[in-house]
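The next block holds one structure in the form of structure tokens; read it before the comments.
Atoms within each ligand, like the ligands themselves, are counted from 1 in listed order. Just so it is clear, the values below take in all heavy atoms, side chains as well, and ignore hydrogens, waters and symmetry mates.
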Amino acid sequence: MRTTKTGSIFIISAASGTGKTTLVSRVIANHPEIRVSISHTTRAPRGGEIAGQHYHFIDPNKFEQLIDEGAFLEYAMVYGNYYGTSIEGVKMLQENGFDVILEIDVQGAEQVRRCLPEAVSIFILPPSFQILAERLRSRGTDEPEIIEKRLNKARSEIEQSLLFDYVVINDDLVQAEMDLVHIIKSHSLTQSKQQRFIENLLENS
Ligand code: 5GP
């Protein structure tokens, strides 16, 4: 376990169909020092999703109890279900030195930016609307009207990218993964993130 630094928080948002989840899975598979926070949600698990690994699946009563207890760093209603980030879960990862990715929607991103201004925010863009529409259609999971709804929502979500610190275009998956890792790594090299090292160095000089 790495304990020499406190990890940073990286908010990652995108419109649905942009490939954000695949991208984040690749980053964490290839970089054990980066973890993704496991959200709580009231939506039902999809095929292949594992409780405690993809999400903590809970019922709406339990979710509302956690809201009342102040357990969430942020939470939002997305497509009729609650999703939220646990303060405790994020804190534990950070204290163990991991950089923490919050893979959350734009409403959650806004809340985190407000309460943790030091968090770094990254928006993932599709290369074009045409490609986004093709990706949503090729999933084969949604009816045409739902796809149209998702595309309309995507337009307003993409407008929010203006509020984010970084923008990564997911045209080529390997390049987009490298871009994300570069952002995360360069942040850990900022002077403020290395203050503890500098202090130790001077103490032992
Ligand atoms: P899905 O149900 O497809 O896994 O996720 C739907 C949307 O909810 C995605 O945009 C995803 O990033 C977002 N989401 C997942 N977890 C959280 C969370 O903890 N908070 C917020 N605000 N959004 C989340």
Side-chain angles (χ1 to χ4, degrees), residues 9-28 34-60 62-94 98-116 119-126 132 135-143 146-147 149-161 163-164 166-168 170 176 180:
I9 295 185
F10 297 87
I11 303 164
I12 300 190
S13 297
S16 98
T18 311
K20 174 183 54 162
T21 305
T22 310
L23 199 49
V24 169
S25 310
R26 286 179 63 111
V27 170
I28 57 166
I34 304 170
R35 294 281 180 93
V36 66
S37 155
I38 299 165
S39 297
H40 287 70
T41 184
T42 57
R43 88 148 158 73
R46 295 187 188 122
E49 281 184 335
I50 299 166
Q53 187 177 320
H54 294 95
Y55 281 106
H56 299 293
F57 296 101
I58 57 174
D59 64 47
K62 177 70 186 166
F63 199 101
E64 281 164 7
Q65 184 193 327
L66 290 173
I67 295 174
D68 292 344
E69 288 170 7
F72 292 121
L73 179 59
E74 63 73 37
Y75 67 91
M77 183 70 90
V78 186
Y79 299 118
N81 290 299
Y82 277 127
Y83 292 82
T85 303
S86 143
I87 294 178
E88 200 47 43
V90 172
K91 199 169 122 211
M92 230 160 61
L93 288 172
Q94 277 191 292
F98 294 107
D99 286 324
V100 186
I101 292 178
L102 309 183
E103 194 196 321
I104 59 181
D105 84 320
V106 291
Q107 308 169 71
E110 192 187 337
Q111 294 171 46
V112 177
R113 264 199 305 268
R114 239 184 291 129
C115 65
L116 293 178
V120 177
S121 58
I122 308 167
F123 198 91
I124 316 287
L125 283 178
L132 184 66
R135 285 180 186 164
L136 285 173
R137 284 189 196 109
S138 69
R139 279 178 176 183
T141 49
D142 295 320
E143 298 298 320
I146 302 283
I147 292 176
K149 268 195 193 150
R150 285 189 189 265
L151 281 171
N152 282 332
K153 189 160 185 267
R155 279 186 198 97
S156 62
E157 284 171 332
I158 287 171
E159 278 164 12
Q160 298 261 328
S161 65
L163 303 171
F164 283 64
Y166 292 91
V167 169
V168 168
N170 188 13
L180 268 187

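Ligand 1 has no nitrogen or oxygen under 3.5 angstrom from a nitrogen or oxygen of Tyr79. Here's the thing with Ala76: none of its N/O atoms is less than 3.5 angstrom from an N/O atom of ligand 1. Note: no N/O pair closer than 3.5 Å links Tyr75 and ligand 1 by distance alone. Among the atoms of His40, none of the N or O lies under 3.5 angstrom from an N or O of ligand 1. Polar contact check, Arg43 against ligand 1: a nitrogen or oxygen pair lies under 3.5 Å apart.
Not a single heavy atom of Gln111 sits less than 4.0 Å from an atom of ligand 1. Residue contacts with ligand 1 include Glu103, since one or more of its heavy atoms lies under 4.0 Å from the ligand.
Nearest protein heavy-atom neighbour of atom 16 (N) of ligand 1: Ser39 OG, 3.1 Å. Here the protein heavy atom with the shortest distance to atom 5 (O) of ligand 1 is Tyr55 OH, 3.4 Å. Atom 7 (C) of ligand 1 has Val78 CG1, 3.8 Å as its closest protein atom, hydrogens excluded (heavy atom only). Considering only non-hydrogen protein atoms, atom 6 (C) of ligand 1 sits nearest to Tyr83 OH, 3.7 Å.
Only the side chain of Lys20 comes within 4.0 Å of ligand 1, judged by heavy-atom distances.
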Practice task
Please assess Phe72 against Gln111 for the test side chain to side chain contact (heavy atoms under 4.5 Å, CB included), listing each intermediate value before the final yes or no.
Solution key: CA-CA 11 Å; Phe72 292 121; Gln111 294 171 46; over 6 Å; no
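With hydrogens and angles ignored, the 3.5 Å screen pairs a side-chain donor or acceptor of Ser13 with a backbone N or O of Ile104.
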